[in-house]
Amino acid sequence: MTPEWSRPEKIDTIGEREKPVTIQASEEERRALAGRFGLVSIDALTADLVVRRDAMGILVTGTVRAKVAQPCSVTGDPVPATVDEPVALRFVEPSAHGGDEEIELSEDSLDTIEIEGGTIDLGEAAAETMALSLDPFPRSPHAAAALKEAGVISEDEAGPFGALAGLKAKLEGKE
């Protein structure tokens, strides 16, 4: 299946010199991605990337930028968000042994993606980077009031001293 925002780059056109690539999602692509990621809208989505080959595969670095509206996790109201996320990926040839072998990763290891069909898809990599950078539980300004109205207590009220505060208020009210 072809992703909503596909920008394939043939690996045989990528050398050791840095190759700048700028991609931008069309309105139709942004609408399809918004549906896939459960967003209200994606108003802008671009990626400024640098692609080059190294000894371990194809290295892709750069930045993904987007303006989106996410649904509030409480009210469903649109919550605007801006993405300005760095990208650092390594595309590698598929492993000859399958995915069963254990690999030690250091802190500076890059996320790796297997190369499929002699191409890497910069659009899909950028779309996934955008989606992973978003707040998984966005809250609108009305969320706290909606939660309170529904009887949901705050973390402070639910903490170990929250019950004691309620007890203290009751005792003070009786005196």
Side-chain angles (χ1 to χ4, degrees), residues 1-95 98-141 143:
M1 181 178 114
T2 302
E4 299 86 344
W5 186 29
S6 183
R7 296 296 187 276
E9 189 80 25
K10 291 186 177 285
I11 62 169
D12 60 2
T13 65
I14 302 169
E16 291 180 9
R17 288 188 148 176
E18 291 186 349
K19 177 181 179 180
V21 178
T22 297
I23 57 176
Q24 182 170 346
S26 70
E27 183 177 342
E28 183 179 317
E29 290 165 331
R30 293 191 317 265
R31 191 174 23 260
L33 285 169
R36 175 172 147 201
F37 294 126
L39 302 173
V40 175
S41 67
I42 301 175
D43 300 318
L45 177 56
T46 61
D48 294 310
L49 306 170
V50 174
V51 181
R52 72 175 177 85
R53 183 180 300 274
D54 69 7
M56 299 191 320
I58 307 292
L59 182 64
V60 177
T61 57
T63 305
V64 172
R65 292 181 182 85
K67 291 184 192 281
V68 306
Q70 297 180 260
C72 172
S73 60
V74 176
T75 65
D77 294 341
V79 178
T82 301
V83 174
D84 190 357
E85 188 71 14
V87 176
L89 302 169
R90 184 176 312 280
F91 287 84
V92 296
E93 292 294 336
S95 162
D100 295 340
E101 65 185 78
E102 194 169 310
I103 300 171
E104 285 288 323
L105 297 176
S106 65
E107 283 185 30
D108 59 344
S109 293
L110 302 177
D111 288 334
T112 58
I113 302 170
E114 285 191 353
I115 297 169
E116 294 180 22
T119 63
I120 60 174
D121 194 336
L122 299 177
E124 179 60 12
E128 290 178 8
T129 298
M130 176 209 63
L132 290 170
S133 72
L134 295 172
D135 182 349
F137 301 105
R139 296 266 178 107
S140 72

Inset, instruction - Taking side-chain hydrogen bond (donor to acceptor under 3.5 Å, both in side chains) as the test, write out the residues that go with R7, two or more places apart. - result: E29
Inset, instruction - Report the distance from atom CD of E28 to atom CD of E4, rounding to the nearest 0.5 Å. - result: 11.0 Å
Legend entry - Gap between atom CG of L49 and atom OG1 of T61 - 0.5 Å precision: 7.5 Å
Inset, instruction - Identify, with sequence neighbours excluded, every residue that meets side-chain hydrogen bond (donor to acceptor under 3.5 Å, both in side chains) alongside K19. - result: E9
Inset, instruction - State, with a plain yes or no, whether a side-chain heavy atom of M56 is found less than 4.5 Å away from one of V92. - result: no
Inset, instruction - Can you sort out the partners of D43 under salt bridge (Lys or Arg N to Asp or Glu O under 4.0 Å), two or more places apart, ordered by chain and number? - result: none
Inset, instruction - Without swapping roles, check the side chain of S73 against the backbone of P138 for a donor-acceptor pair under 3.5 Å. - result: yes
Legend entry - Check: C72 main-chain N/O paired with T75 side-chain donor or acceptor under 3.5 Å: no
Legend entry - Any residue meeting side-chain hydrogen bond (donor to acceptor under 3.5 Å, both in side chains) with S6, in chain and number order, not counting sequence neighbours: D121
Inset, instruction - Quick one: which residue pairs count as a side chain to side chain donor-acceptor pair (under 3.5 Å) with a foot in residues 123-138, not counting sequence neighbours? - result: R36-E124
Inset, instruction - Hey, could you give me each pair passing salt bridge (Lys or Arg N to Asp or Glu O under 4.0 Å) that has a residue in residues 69-80? Not counting sequence neighbours. - result: none
Legend entry - T82: side-chain hydrogen bond (donor to acceptor under 3.5 Å, both in side chains) partners, not counting sequence neighbours: none
Inset, instruction - Kindly write out the residues that satisfy side chain to side chain contact (heavy atoms under 4.5 Å, CB included) with L132, not counting sequence neighbours, or none if the list is empty. - result: none
Inset, instruction - First locate atom CG of L33, then atom CH2 of W5, and finally report the distance between them rounded to the nearest 0.5 Å. - result: 7.5 Å
Inset, instruction - Of all the heavy-atom pairs spanning F91 and A125, show the shortest one and how long it is. - result: CZ-CB, 4.1 Å
Inset, instruction - Please collect all salt bridge (Lys or Arg N to Asp or Glu O under 4.0 Å) contacts where either partner lies in residues 53-67, sequence neighbours excluded, each pair once. - result: D48-R65, D54-R90, R65-D84
Inset, instruction - State, yes or no, whether a side-chain contact exists between I120 and I14 at a heavy-atom distance under 4.5 Å. - result: yes
Legend entry - Partners meeting salt bridge (Lys or Arg N to Asp or Glu O under 4.0 Å) with E27 (sequence neighbours left out): R31
Legend entry - Any donor-acceptor N/O pair, R52 side chain to L59 backbone, under 3.5 Å: no
Legend entry - Min side-chain heavy-atom separation V64-L45 under 4.5 Å: yes
Inset, instruction - State which residues pass salt bridge (Lys or Arg N to Asp or Glu O under 4.0 Å) with D12; sequence neighbours excluded, sorted by chain then number. - result: none
Legend entry - Those residues that, when tested against A34, pass side chain to side chain contact (heavy atoms under 4.5 Å, CB included) (two or more places apart): L39, I42
Legend entry - Check: I58 and V51 side chains under 4.5 Å, non-hydrogen atoms: yes
